[in-house]
Structure formats: structure tokens, C-alpha cells
Amino acid sequence: MKVCVVGAGYVGLTTSAVLADLGHQVTCVDLDQNKIRTLQDGKIPIYEEGLAELIETGTRSGRLVFSSDTASGIEDHPVILIAVGTPPQNDGSTNLAAVANVIEMIADHAHAHKTVITKSTVPPGTNEWISRVLSDKGLHPESFDVVSNPEFLKEGTAVHDSFHPHRIVIGAKRKKAFQLVRSLYQKIKAPVIETNLAGAELIKYASNAFLAAKISFINEVSRICDAYDADIKDIQRGLEEDPRIGSHFLSAGLGFGGSCFPKDLSALVHAATDKGLTPSLLQAVSDVNETQTDFYLNKLEQDLNDLKGKQITVWGVTFKPGTDDLRCSQSVKLINKLISKGSVIHTYDPVAKIESERVASHDDLYDSVKNSDALIIATEWPEFQAPDWERIKRSMNGTLLLDGRNFVDLESIRAHGLHYLGVARR
Ligand code: UGA
């Protein structure tokens, strides 16, 4: 199939490379000419395991090309896959300006039948609106199909997730549109769920909201564990043995971040309140997450007496390991709060740096802890699990280690004379 993927972000790039690998002829377009030039030069603008190799294979085979000419991309391809950004606005609603731009371009450049597939996460009702806009702009209803086909990949494991999805969700109106998307993914083994446009849009939001709820749930329970001197890891083990609960997304920590959970929760709350509903459970999921960093900031404050003037090292600034993405990172949130309390911040992260005069970013893990009063592990990068703790203890001024992801072995930390503070660990 000839597919034009609009948007060369995480989702667009991964989807383009995967579709090319599945045998389709893919043109990935983006308005950002620098990004396209970088990709044409064989470099990739994001850190994502396995993606560079997949893109290289695709470009070498001739099945994957990059272009900044969106109009030609739309004209030349019968299938248009929208993978542009849908960032949040201040009131929690979704900014659909980039989607609107693409629709406008499609309306102007569609001279034959187009199947318009929305991969970007968009609020319920958006794909109906896309259909309406295309009709209003003069496209005959028989000359296009609109399909909602949400993406479930995780950053850091995007390539693997795309080849091995738990399900493929297709929301459409016409049989031939369902069939076309089914055949696009024919080589991928996964259950296919067919629904209407709003159904597909809501499966995506409900999935992210449910996973976020699991994390906020365990974080709330961790505070209760803390109060009653129980170890959250024991509770986690006890919960995950029940298959109705499951073992995933039950790790207590500093809370969830990234470009999806916080934004999608707000968008779902917004979509519900728009219809006069009061989504109190979803709101609570957000509230627990918002206050999780404060909970540990208070603990640090108690331990160090005062945070003002204290030198604090933070390991890990991205929103999770395996990515260079800093969007809505709980680590960055914590760092900003520490700065506002007058702490002096040093950081180390294997792939990312915070661009700020108020943060000293180090290229070496051991350099980053010299003379620090406390060390915080904010992201569970593998290299933080078993460094030379003896050397770290000798370099530091204080002994406090806040393990914000319950990642390191607390016994060995204590054996080295460091004062271990985890998320509800005993
Ligand atoms: C999430 C979903 O997992 C994907 O299925 C979805 O496609 C994607 O959003 C999206 O909507 O595009 P992602 O944001 O890449 O993926 O990252 P996750 O691995 O889900 O992690 C999100 C946050 O939850 C991270 O900050 C992570 O540290 C945190 N987390 C995760 C916990 O605090 N505890 C856990 O047990 C698991």
C-alpha cells in the first residue's frame, strides 16, 4: 500500500519505519524542514531503541522516504496517516491545530479517494469533526473515509510495541475502510477490535487513564504503607498474584510523567466535563500524581532539616528510562521545586540534559555526587542499580539516598552506610 505518514515525531517515525518494514511504500512528511533534512541524512532526532536501524533498513530498501512536501505526499498516496502532535492547552483540553492543518491540506490536495487514518491521540468526537470538515470543504462523502486507529506504543520500546501490539483498534464507518486498515497490518498478529469512531478514540483514553489510575492507586497505598510501617513491595507482590489485578503498572514511585498520561487524563476529564459530567475518579488520579513529588520533598526537608543551600544530586531527568524525553518529567518537576526551596542542583542522566543555568549537568555519574548532601534516583536507568556505592559514599558530603523508583537494593545501600529512603520501603 502507498501510505503518507504526516508527522515525524515518536509515533509518526516509528509507524513509518514499521509500515515500510511490513512491505508498504511509505513517505513520511513533516513541516519541520530541519527534521526532514536530518532524517534524509540518515540521522534520527530522537533516542529510541532499534528505531535508527529500522529506518536505515527502510530507506535503503527504498520503501521509506522522508519529505517536507506535505501537499505532494497527500496527492500521491491513497492512504494518509495522521501522526501529528496534539498537545494540551492550559484548560486541559487538546490543541488540535496541527490536525486541523493536515485536514485543510487534505481537502486542498485530495484529487482521488483518500483513506484518512488518525493515529494521533484525539478527544472523542474529533474524527466525526474531521469527516464534517472534509465534507464542508467540498469533498464528496464517497471520496474519502475517516478512520480512528489509535497507537498504543510506549516510548523506549516503541519498535517492539509496534510489531507486537496487544490489540489493533479500528474505528470507522464503512466496511471497506475496516478492510483497508486490517490489510495494512495483515502481517501483525494481534486481536482486531472494530468499533465506531468515538469508540476507538475512547479505547485509547480509557487505556491510558486506567494505567495512570493503577499507578496513582499504588502511590496512594504507598503513603498508607509509609504511615503504618509496611513495605510497598510486599503489598505489590500480594496484589499482582491476583490475576484480576495483574502485575503491570503497580510500581510505586515519584509518579507518572511523559507526553501521554498527564495530557490524556486532562483531555478525558475535559471531554467528560464538556458533557456536564463530574469525572471525580479521573480527577483523583491526577491529584495523587500532582502531590506525589511534594510528599517526598517534605521527607527530604525533614531529613535535611532545611533544603536551602543544600547540594542535591538527581540521577535521571527523563520521564522514564529508555528515552530522552523530558516532557512532564516528574524528575524535572521535583528539581524545579527543590530550586524554589533554595537547593543547589546537580544532575546526571545517560542521555538527556536539562538546559538551565540553575542546574549543573554532569557527564559522569561519580562527578555528579561530589560534595552532595543527598542523592535522588528519579528515573530507573539500569546503570543506577549497582554503581560503586563505596565510592559514592566517600564523594558525598551527606549520606541520604532517596530512591524515588524503589530501584536499588536497599540492603546493600545500608551496608555501605548510606541512609536509604525509598517510596514506602522498610
Ligand atoms: C503510555 C502508554 O503506556 C502507551 O500504551 C501509550 O501508547 C502511550 O502512553 C501514548 O499514549 O502514546 P509512555 O507515556 O511512553 O506510554 O510511557 P509508560 O511506559 O506508560 O510510562 C508512563 C509513566 O508512568 C512513566 O513516567 C513511568 O515512570 C510511570 N510508571 C509506569 C510508574 O510510575 N509506575 C509503573 O508501574 C509504571
Side-chain angles (χ1 to χ4, degrees), residues 7 9-15 46-49 51 83-88 94 118-123 149-162 164-169 190 200-222 232-233 235-237 239-240 245-268 285-286 288-289 292-293 296 316-334 377-381 384 403-407 423-424:
Y10 267 101
V11 172
L13 271 184
T14 312
T15 308
I46 51 169
Y47 174 85
E48 185 64 50
E49 202 175 307
L51 186 57
V84 295
T86 51
T94 309
T118 312
K119 263 244 170 272
S120 306
T121 302
V122 293
N149 171 225
E151 181 49 64
F152 297 97
L153 64 80
K154 300 186 291 303
E155 289 182 23
T157 52
V159 171
H160 176 271
D161 294 346
S162 302
H164 307 279
H166 295 117
R167 71 296 208 190
I168 292 166
V169 174
E201 292 161 339
L202 278 167
I203 288 171
K204 167 72 187 192
Y205 279 104
S207 299
N208 275 1
F210 185 77
L211 293 169
K214 282 186 93 175
I215 301 168
S216 278
F217 175 85
I218 202 73
N219 283 339
E220 178 141 82
V221 171
S222 77
I232 190 66
K233 288 262 185 183
I235 280 71
Q236 189 182 344
R237 267 198 301 278
L239 290 177
E240 61 195 20
I245 300 176
S247 60
H248 299 287
F249 283 68
L250 276 184
S251 296
L254 292 175
F256 57 79
S259 65
C260 306
F261 285 175
K263 157 180 93 80
D264 294 351
L265 255 182
S266 314
L268 191 54
V285 173
S286 248
V288 171
N289 201 52
Q292 190 69 357
T293 45
Y296 285 91
V317 294
T318 55
F319 85 94
K320 66 170 184 178
T323 177
D324 58 353
D325 200 341
L326 295 172
R327 285 177 291 177
C328 288
S329 157
Q330 292 291 90
S331 173
V332 174
K333 197 192 278 178
L334 186 69
I377 297 179
T379 312
E380 64 276 36
W381 283 98
F384 303 158
D403 181 1
R405 297 289 166 188
N406 288 347
F407 187 53
V423 176

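Both backbone and side-chain heavy atoms feed into the values below; hydrogens, waters and symmetry mates do not. Counting starts at 1 for both ligands and their atoms, following the listed order.
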One pair to check against side-chain contact (heavy atoms from CB on, under 4.5 Å): I46 and T323. What are the steps and the verdict? CA-CA 8 Å; I46 51 169; T323 177; over 6 Å; no
Short question: side chain of E201, backbone of T121 - any donor-acceptor pair under 3.5 Å? no
If the cut-off is 4.0 Å to any non-hydrogen atom of L250, which atoms of ligand 1 fall inside it? 36 (O)
Please classify the R405 to ligand 1 contact at 4.0 Å (heavy-atom distances, strictly less than): side chain, backbone, both or neither. side chain
Looking only at protein heavy atoms, which one is nearest to atom 30 (N) of ligand 1, and what is the separation? I215 CD1, 3.4 Å
What pairs with Y10 under ring-ring contact (aromatic ring centres under 6.0 Å, His included), at least two apart in sequence or on another chain? none
Heavy-atom distances under 4.0 Å decide this one: backbone, side chain, both or neither, for V11 against ligand 1? neither
Within this structure, what is the CG-CD distance for the pair N406 and Q236, rounded to the nearest 0.5 Å? 8.0 Å
E151 contact mode with ligand 1 (heavy-atom cut-off under 4.0 Å): backbone
Could you walk me through whether E155 and S259 pass side-chain contact (heavy atoms from CB on, under 4.5 Å), step by step? CA-CA 10 Å; E155 289 182 23; S259 65; 3.5 Å; yes
Check whether T86 reaches the backbone of T94 with its side chain - one donor and one acceptor, N or O, closer than 3.5 Å. no
Distance filter under 4.0 Å to D264 heavy atoms, resulting ligand 1 atoms: 11 (O)
Students should be able to answer this: which protein heavy-atom is nearest to atom 21 (O) of ligand 1, and at what distance? K320 CD, 4.0 Å
So, is E380 polar-close to ligand 1, with some N/O to N/O distance under 3.5 Å? no
Given V285, L211, N219, V288, the one that forms side-chain contact (heavy atoms from CB on, under 4.5 Å) with F256: V285
Should G257 be listed as contacting ligand 1, given a heavy-atom distance under 4.0 Å as the test? yes
At what distance is the nearest protein heavy atom to atom 5 (O) of ligand 1, and which residue and atom is it? F152 O, 2.8 Å
Check: Q330/K333 side-chain N/O donor and acceptor closer than 3.5 Å: yes
Provide, to 0.1 Å, the distance between atom 36 (O) of ligand 1 and the closest protein heavy atom, together with that atom's residue and name. S251 N, 2.9 Å
Classify the contact between D161 and ligand 1 as side chain, backbone, both or neither, using a heavy-atom distance cut-off of under 4.0 Å. neither
In terms of atom number and element, which parts of ligand 1 are under 4.0 angstrom from non-hydrogen atoms of E155? 15 (O)
Consider ligand 1: state whether an atom of it lies below 4.0 angstrom from any non-hydrogen atom of G258. no
Do any N/O atoms on L211 end up under 3.5 angstrom from N/O atoms on ligand 1? no
Among the heavy atoms of H248, does any lie under 4.0 Å from an atom of ligand 1? no
Do other residues, nucleotides or ligands put more than 12 heavy atoms under 6.0 Å from F152 CZ? yes
Quick test: of every protein heavy atom, which one is nearest to atom 10 (C) of ligand 1, and how far off is it to 0.1 Å? C260 SG, 2.9 Å
Could you grab the distance from atom CG of D325 to atom OH of Y47, nearest 0.5 Å is fine? 13.0 Å
Does any N/O atom on S259 come nearer than 3.5 Å to any N/O atom on ligand 1? no
Rounded to the nearest 0.5 Å, how far apart are CG of L153 and SG of C260? 8.0 Å
If we only consider heavy atoms of Q330, is any one of them less than 4.0 Å away from an atom in ligand 1? no
For atom 3 (O) of ligand 1, the protein heavy atom that lies nearest, with its residue and separation: K154 CG, 3.5 Å
of all protein heavy atoms, closest to atom 6 (C) of ligand 1 is L153 O, 3.3 Å
Working for side-chain contact (heavy atoms from CB on, under 4.5 Å), residues T318 and W381: CA-CA 10 Å; T318 55; W381 283 98; 3.4 Å; yes
Are there over 12 heavy-atom neighbours, none belonging to E49, within less than 6.0 Å of that residue's CD? no
What about T121: any of its N or O atoms under 3.5 Å from an N or O on ligand 1? no
Side-chain heavy atoms of R405 within contact of S251, under 4.5 Å: no
Do me a favour and list the nearest non-hydrogen protein atom to atom 24 (O) of ligand 1 with residue, atom name and distance? F256 CB, 3.2 Å
